[in-house]
2 protein chains.
Amino acid sequence: MELRHLHTFVAVAEERSFSRAATRLRTAQSAVSRTVQALERELGGALFERSRHHVELTKTGRATLDTARATLAAAEAVRDAARRTCPLPADECLVETSDA
Amino acid sequence: MELRHLHTFVAVAEERSFSRAATRLRTAQSAVSRTVQALERELGGALFERSRHHVELTKTGRATLDTARATLAAAEAVRDAARRTCPLPADECLVETSDA
DNA sequence: AAGGCTTACGCCAACCGTAACTATT
DNA sequence: AATAGTTACGGTTGGCGTAAGCCTT
């Protein structure tokens, strides 16, 4: 499981559409389809019900969505924490931030 | 940024050693080195001070460690949520978990 | 000189986009 | 028949392991 998978999953869940998610993510529909499939395989359960009317979350999908969002938010917190400590563009911090 | 990066970062931080982290992660030292470098580049700041005595966290590294752990825990929560809803080995849930 | 982090190199696996296919409305 | 998701295919990218390099102790 990677953040990329979760990002894609959340996009599809919110758009309730693979194609709209692809547009939002600026990628091809096939990539979205494959990424969701990979995640479903890894988690051992379908996340979306594709057949009947349109795309909707399965029970597993609904149970997973909140934690997926929380994970993405946590990842953003990592970026923020780093940025807060080292707000420079790059080089000076990369060479040495050192300690207090 | 991917979960793989964070996993490696946390391992190095806990072992305070790239080589021991590599052993723990069952991978080569060079892979650990490259992964940490990639994360540092993306976050825009060094996470470890490698030169003086041994390997130790920089200020940025310390600020980032907790959120990195939280992200990994959140990712585990995703797995747990899915497993809880769909506790089967695979196929039945993959075909259709459906809703209530 | 030995241990440990980094860089170079070659290989392999994974991802992506295009395009063809299938199914549903 | 048109829209939407999946599968196939070829190309590119990225990560890993081995091995050589470099620096510190």
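In what follows, chains are A, B, ... by sequence order, proteins preceding strands, each numbered from 1. Both backbone and side-chain heavy atoms feed into the values below; hydrogens, waters and symmetry mates do not.
Under the side chain to side chain donor-acceptor pair (under 3.5 Å) criterion, A:S19 pairs with A:S17, not counting sequence neighbours. In terms of the side chain to side chain donor-acceptor pair (under 3.5 Å) criterion, residue partners of A:R79 (sequence neighbours excluded) are, by chain and number, A:E76, B:E42. For the side chain to side chain donor-acceptor pair (under 3.5 Å) test, no residue two or more places apart in sequence or in another chain qualifies with B:T67.
Remark on the helix from C:dA1-D:dT25 to C:dT25-D:dA1: inter-end axis angle 30°, axes from five-pair C1' superpositions, rounded to 10°.
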Cut-off 3.5 Å, no hydrogens considered: what does the side-chain donor-acceptor table look like for residues 5-14 of chain B, sequence neighbours left out?
unit_1	atom_1	unit_2	atom_2	d
B:T8	OG1	B:R4	O	3.0
B:E14	OE1	B:R24	NH1	3.1
B:E14	OE1	B:R24	NH2	2.9
B:E14	OE2	B:R69	NE	3.3
B:E14	OE2	B:R69	NH2	3.2

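To the nearest 0.5 Å, the span separating CG on B:L65 from CG on B:L47 amounts to 9.5 Å. Separation of atoms CD (A:E15) and CG (A:L25) is listed at 8.5 Å; rounding is to 0.5 Å.
A:L47 places its CG atom 12 Å from the P atom of D:dT6, with the value rounded to the nearest Å. Straight-line distance from the CD atom of A:E49 to the P atom of C:dA23: 16 Å, rounded to whole Å. Atom NE2 in A:H54 sits about 13 Å away from atom P in C:dT24, given to the nearest Å.
A salt bridge between A:E49 and A:R62 is absent, with no side-chain N of the basic residue lying under 4.0 Å from a carboxylate O of the acidic one.
In terms of heavy-atom proximity, A:T60 sits nearest to A:A46 at CB-O, 3.6 Å.
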If a protein heavy atom is under 4.0 Å from the base, mark B; if only from the sugar-phosphate, S; if neither, -; do that for nucleotides 4-16 of chain C going 5' to 3'.
-> -BSBBB-----SB

